[in-house]
A.B. asks: 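Could you have a look at this structure, given as structure tokens, before my questions?
If you read the sequence from its start, that first residue is 1, and numbering goes on from there. The model shown is predicted, which means the values in this text are computed figures rather than measured ones.
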Amino acid sequence: KINHFVLHFSDPTVYTADLYLVDDKGNQIHEKSGAHYPAAEKALPILGVSFMLELAGNTTYQVYIRIISKTDLHSRLSLLS
């Protein structure tokens, strides 16, 4: 079964955010978000930082997020289902 989630944080100072998702078999997914990227390059074409995640059940994932911000980052990360 595939579960759908949105990983989101709303900090307008984030210039770029890159999410790297690695499953337990070593498969990798890279998604882009943030104000610097054009809407066509993002899974969710919004100004905030959001990533659409499709996660298989009974699978372990490692999540890495690389963030470039104009200021210190003070944002809450939310996982929505």
A.B. asks: On a heavy-atom basis, which atom in Ala17 and which in Val49 lie closest, and how many Å separate them?
C.D. replies: CB-CG1, 3.7 Å
A.B. asks: Any chance the side chains of Ser33 and Ser50 put a donor and an acceptor closer than 3.5 Å?
C.D. replies: no
A.B. asks: Could you state whether Ile2 and Leu55 fall into the same hydrophobic cluster, counting links through intermediate Ile, Leu, Val, Met, Phe, Trp or Tyr residues with side-chain heavy atoms under 4.5 angstrom apart?
C.D. replies: no
A.B. asks: Taking the side chain as C-beta and beyond, is there a heavy-atom pair between Phe9 and Val14 under 4.5 Å?
C.D. replies: yes
A.B. asks: Taking only residues at least two apart or on different chains, which pairs with a member in residues 53-64 satisfy side chain to side chain donor-acceptor pair (under 3.5 Å)?
C.D. replies: Gln62-Tyr64
A.B. asks: Is there a path of hydrophobic side-chain contacts, each under 4.5 Å between heavy atoms of I/L/V/M/F/W/Y residues, joining Ile65 to Val22?
C.D. replies: no
A.B. asks: Please tell me whether Phe51 and Phe5 are part of a single hydrophobic cluster in this structure, the criterion being side-chain heavy atoms less than 4.5 Å apart.
C.D. replies: yes
A.B. asks: Please tell me whether Ile68 and Tyr20 are part of a single hydrophobic cluster in this structure, the criterion being side-chain heavy atoms less than 4.5 Å apart.
C.D. replies: no
A.B. asks: How are the rings of Tyr15 and His36 set to each other: parallel, tilted or perpendicular (split at 30° and 60°)?
C.D. replies: tilted
A.B. asks: Roughly how far apart are Met52 CE and His8 NE2, rounded to 0.5 Å?
C.D. replies: 14.5 Å
A.B. asks: With side chains defined as the heavy atoms from C-beta onward, is the minimum distance between Asp18 and His30 less than 4.5 Å?
C.D. replies: yes
A.B. asks: Does Leu19 reach the side chain of Leu53, with side-chain heavy atoms less than 4.5 Å apart?
C.D. replies: yes
